[in-house]
Amino acid sequence: MIQPHPRISTLEYLIIFRAHNPGLTNLIQLTLFSAYRQMEWENLTSVSEFFLLGLSQQPEQQWPLFGLFLSMYLVTVTGNLLIILAITAHAQLHTPMFFFLANLSLTDTCFVSTTVPKTLANIWAQNQVISYTGCLSQLYFFLMFGMLEASLLAVMAYDRYLAICYPLHYIMVMSHGLCVFLVSASWVTNALHSLLHTLLMSSLSFCADQEIAHFFCDINPLLSLSCTDPFINELVIFTVGGLMGLVCVLCLVISYAYIFSTILKIPSAQGKRKAFSTCSSHLSVVSLYFGSSFCVYFSPLSSHSAQKGAVASVMYTVVTPMLNPFIYSLRNRDIKSSLKKLMWARKIQSF
């Protein structure tokens with residue numbers, strides 16, 4: 001008797017079945033074939049939970065990881081919330097650049113809150129279980145805020161392009177209405193994009209191995225656990241997801257190509273430094289985020305492993321959102337000044 005395999009099509013399975021049972025009549029063959037196919041679909045059990053294996057299975061490493069993740073999470077949330085508070089509290093920061101920065105800080109806070117709290121809860125409770133619904137919800141928000149960060153970085157690159165290449169027309173072109181439109185379009189587009197991937201993931205069947213070799217529900221580990229053919233999911237990833245990623249990358253590359261071309265045309269060295277300083281923080285964040293994410297999703301398969309991929313994912317899911325407030329606050333005088341005023345006002349209120 002042949003064993004059913006979920007990735008074999010019905011026609012291929014019927015041909016193999018007939019080849020292994022040549023002595024049976026057509027009616028008996030079709031009857032047995034239907035019974036075997038029914039057994040196969042019954043084996044594709046409805047999964048109610050998954051097991052997140054995390055970054056390490058060693059018991060002695062669990063509490064150091066808990067302390068590391070907790071400290072990074074607190075620093076990330078505190079830093080990004082301070083950036084948002086400083087921008088909203090001071091009128092001189094109510095400009096397009098800081099409006100986009102506030103949305104980026106909000107995105108970073110939501111992005112890191114999608115994965116880290118569940119990791120901390122699993123380590124604290126010594127329980128690796130995540131429900132099926134919770135896993136798909138985590139996947140939805142992870143994809144949404146991950147792509148939203150890329151979109152906002154692309155929008156901020158366009159903002160810097162206008163500020164450096166067309167400074168006299170900047171205020172007129174980058175109006176409040178355009179800023180709100182660009183941010184709203186980024187939120188809505190990425191919400192629908194992540195919903196598409198989540199709905200396609202929910203249509204797959206999972207069976208047997210329910211262990212996810214990651215510390216959160218990422219799309220690739222989930223696809224590897226599917227018993228049904230994920231061709232449609234992979235097609236959508238490479239077409240829709242690839243198109244959105246390509247648009248963000250092209251926007252970044254084209255914007256900075258014009259920015260560098262304009263800076264090189266400035267005659268004085270001081271003018272070049274001043275122009276470059278207005279986009280150096282953004283360029284650092286772009287390099288950190290896209291560099292770490294490309295290392296995770298575009299590394300050669302021969303050198304890729306689930307454990308290495310999970311560790312590398314920490315860079316752009318936790319470390320990058322944590323470093324963003326430091327990069328912008330340390331390299332931006334307006335942010336530093338606003339933060340000092342904010343801290344001083346809090347001290348006066350406390351006294």
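Just so you know, residue 1 is the first one in the sequence shown, and it goes up from there.
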Which distance, rounded to the nearest 0.5 Å, do you find between the [atom1] of [X] and the [atom2] of [Y]?
X    : Y    : atom1 : atom2 : answer
Y158 : F100 : OH    : CZ    : 9.5 Å
T76  : N324 : OG1   : CG    : 9.0 Å
L136 : L222 : CG    : CG    : 7.0 Å
D159 : L152 : CG    : CG    : 11.5 Å
K118 : S137 : NZ    : OG    : 11.5 Å
E234 : N220 : CD    : CG    : 8.5 Å

Listed by chain and number, what are the side-chain hydrogen bond (donor to acceptor under 3.5 Å, both in side chains) partners of S113, not counting sequence neighbours? Y73
Could you pull out all residues at least two apart from N190 that satisfy side-chain hydrogen bond (donor to acceptor under 3.5 Å, both in side chains)? S151
Carefully, step by step, assess L53 and I212 under the rule side chain to side chain contact (heavy atoms under 4.5 Å, CB included). CA-CA 6 Å; L53 299 183; I212 300 176; over 6 Å; no
Could you walk me through whether F99 and V183 pass the side chain to side chain contact (heavy atoms under 4.5 Å, CB included) check? CA-CA 9 Å; F99 174 73; V183 171; 3.5 Å; yes
In terms of the angle between their ring planes, are Y161 and Y166 parallel, tilted or perpendicular, with boundaries placed at 30° and 60°? perpendicular
Which of parallel (below 30°), tilted (30 to 60°) and perpendicular (above 60°) describes Y289 and F111? perpendicular
Pair T317-V112, side chain to side chain contact (heavy atoms under 4.5 Å, CB included): steps then yes or no: CA-CA 6 Å; T317 58; V112 75; over 6 Å; no
Dump the intermediate steps for side chain to side chain donor-acceptor pair (under 3.5 Å) on S131 and T133, then the final yes or no. CA-CA 5 Å; S131 66; T133 304; 5.2 Å; no
Does [X] have its ring centroid less than 6.0 Å away from the ring centroid of [Y]?
X    : Y    : answer
F69  : F215 : yes
Y256 : H282 : yes
F206 : F50  : yes

So S292 and V319, side chain to side chain contact (heavy atoms under 4.5 Å, CB included) or not? Walk me through it. CA-CA 10 Å; S292 57; V319 177; over 6 Å; no
State whether the number of non-hydrogen atoms from other residues, nucleotides or ligands found under 6.0 Å of Q270 atom CD is greater than 12. no
